[in-house]
2 protein chains.
Amino acid sequence: MAGHLQPIKLDSYRPLRELVCECIRQAITDGTFSPGERLMEIQLADEMGVSRTPVREAIRKLELEGFVVMIPRRGTYVADISIRDITEIYEIRACLDELAAGLAAERITDDELETLNRLLVEFGQYITAGDMEKIVEVDTAFHEVLYTASRNARLHSIINNLREQVTSIRGRSMSYPGRLNDTMNEHRILVDFIAARDVEGARNAARVHIENAEHTLMQSITPSR
Amino acid sequence: MAGHLQPIKLDSYRPLRELVCECIRQAITDGTFSPGERLMEIQLADEMGVSRTPVREAIRKLELEGFVVMIPRRGTYVADISIRDITEIYEIRACLDELAAGLAAERITDDELETLNRLLVEFGQYITAGDMEKIVEVDTAFHEVLYTASRNARLHSIINNLREQVTSIRGRSMSYPGRLNDTMNEHRILVDFIAARDVEGARNAARVHIENAEHTLMQSITPSR
DNA sequence: TAAAATAATATTGTATACACGATTTTAAAT
DNA sequence: ATTTAAAATCGTGTATACAATATTATTTTA
């Protein structure tokens, strides 16, 4: 096993299974658990200081979200992401992000537009400062506002899920030379189209952005082949 | 409570939670449980002759799939579908079915194409015979082959989930005058474009089909307003 | 020594027991 | 009669216990 999990702090009012689920998901996306690694219920439960019951329910959820793979009677394994997976995910995302951008161009509020512009400025500042943690935070906030502006909660959650499925490897893509600035520029273009209420322009900008992101991700995964 | 559930037959090798999950999902989609109805774990467990554990895990899954809504410490309720939900779902489906049709036009095998044509013929025969059960069966098989042909398993499962979320009310849409024949014709057009490997044509046909299905569904839900 | 069979162990699947919180019912007071 | 408070009831949340199965280790046999 790669690393440790911190014990669950049950200060919250939320069900344990939720906390446990987030804890394991976090551990998967931040690399504490490696792809293919086996997750054993008793071990996880002990490390987090809870019983197997909430752990099991959390694992069921993670299975649906695609973070783990369950083989009945055999156990649970951290999902391994393949080239094929990335292709599938970005095939769908190109389509859904295009949809979301078009809807946002029609439905976004002035407040949200202002927030997007502010986040873009912050994004640039953190690139200059080289603060990776903040960059990820601002990027996440940016997409959150964008997808909210589509006014389609299901669309929002489907895209979020697809995004999360590649978070474990997105780090590599972000450290790809020049990719951060490209990302910012592509976001800038997208926001400008949305601000102009140009649906077609926004859709194209979104598609281009996703296709570039996929391309970089692929490059950073298969570096020297 | 509306109706009864049959006890789970554990002839199978699959985990109980899977069987229980399908049983409850079936009961929701076929109307045994009404929207808004409360689902109580002990009661469900007793009716199916199992313990609460697999029932709970099944409910977690159904929550992720959108069939039930859980309020912590309060209970589980059958999800109620609203006009807003339908709008959201079909907004996404128009986009994803378009994608799937385009991919299928590129990737379908001759065998699959043959199957689609055969299913279309059967569809027409069952319309003439007025056999609703068989119509649903053939329709499901048709879409299954189509989405498989897209060669994108995630896309397949996302669309399937969106489809299932409206199954509880799709019955009304299917009994809408003339809709079945329209459906068949639209499928015919789609298959012809796919057979001709015409990606753009297939995409358009798919979009039109979904938009029409949504329109009919809306009509049949708000009949006299 | 290698392969197969059998025993031991570990882990998942399911059931049950207990704890906590919410809701409802009942009683009392205004 | 209505409102409030308290207690009882009911259901979910969590923990633990038991059963079934898969894996590993060991022993036996070729």
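Lettering of chains follows the sequences in order, A, B, ..., and the numbering in each one begins at 1.
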Would you mind reading off the distance between [X] atom [atom1] and [N] atom [atom2], rounded to a whole angstrom?
X     : N      : atom1 : atom2 : answer
A:I42 : D:dT16 : CD1   : P     : 12 Å
A:L44 : C:dT11 : CG    : P     : 11 Å
A:L16 : D:dT16 : CG    : P     : 12 Å
B:I59 : D:dT12 : CD1   : C1'   : 10 Å
A:D46 : C:dT11 : CG    : C1'   : 13 Å
A:E41 : C:dT14 : CD    : C1'   : 12 Å
B:I71 : D:dG11 : CD1   : P     : 16 Å
B:E57 : C:dG13 : CD    : C1'   : 8 Å

**Prompt:** Do the side chains of B:Y77 and B:I71 get nearer than 4.5 Å, heavy atoms only?
**Reply:** yes
**Request:** Indicate, yes or no, whether a donor-acceptor pair under 3.5 Å links the base of D:dT21 to the side chain of A:R73.
**Result:**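 Result: no qualifying N/O pair found.
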**Request:** Would you state whether a donor and an acceptor, one from the side chain of A:R52 and one from the base of C:dG13, lie under 3.5 Å apart?
**Result:** yes
**Asked** So does A:R38 get a side-chain nitrogen or oxygen closer than 4.0 Å to the phosphate oxygens (OP1/OP2) of C:dA10?
**Response**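 For C:dA10, neither OP1 nor OP2 has a side-chain N or O of A:R38 closer than 4.0 Å.
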**Asked** Is the shortest side-chain N/O distance from B:R17 to OP1 or OP2 of C:dG13 below 4.0 Å?
**Response**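 Checking C:dG13 against B:R17, a side-chain N or O does come within under 4.0 Å of OP1 or OP2.
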**Message:** Judged by each residue's nearest nucleotide on DNA chain D, which is more toward the 5′ side, A:V50 or A:R74?
**Reply:**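 With A:R74 and A:V50 compared, the 5'-side residue is A:V50.
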**Asked** Mapping B:G75 and A:S51 to their closest nucleotides on DNA chain D, which lands nearer the 5' end?
**Response** B:G75
**Residue from B:V55, B:L44, B:T53, B:L62 passing side-chain contact (heavy atoms from CB on, under 4.5 Å) with B:V20** =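 Checked B:V55, B:L44, B:T53, B:L62 against B:V20; only one passes side-chain contact (heavy atoms from CB on, under 4.5 Å): B:V55.
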**Asked** Any Lys/Arg nitrogen of A:R151 or A:E112 sitting under 4.0 Å from an Asp/Glu carboxylate oxygen of the other?
**Response**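 Salt bridge present between A:R151 and A:E112.
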**Message:** Any salt bridge linking B:E91 with B:R207? Criterion: basic side-chain nitrogen under 4.0 Å from a carboxylate oxygen.
**Reply:** no
**Selected nucleotide, minimal atom distance to A:P54 side chain, candidates D:dT14, D:dT12, C:dG13** =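 Among the listed nucleotides, the one closest to the side chain of A:P54 is D:dT14.
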**Prompt:** Which one, D:dG13, C:dT12, C:dT16, comes nearest to the side chain of A:R56?
**Reply:** C:dT12
**Prompt:** What about A:H143 and A:H187, are their ring centers closer than 6.0 Å?
**Reply:** yes
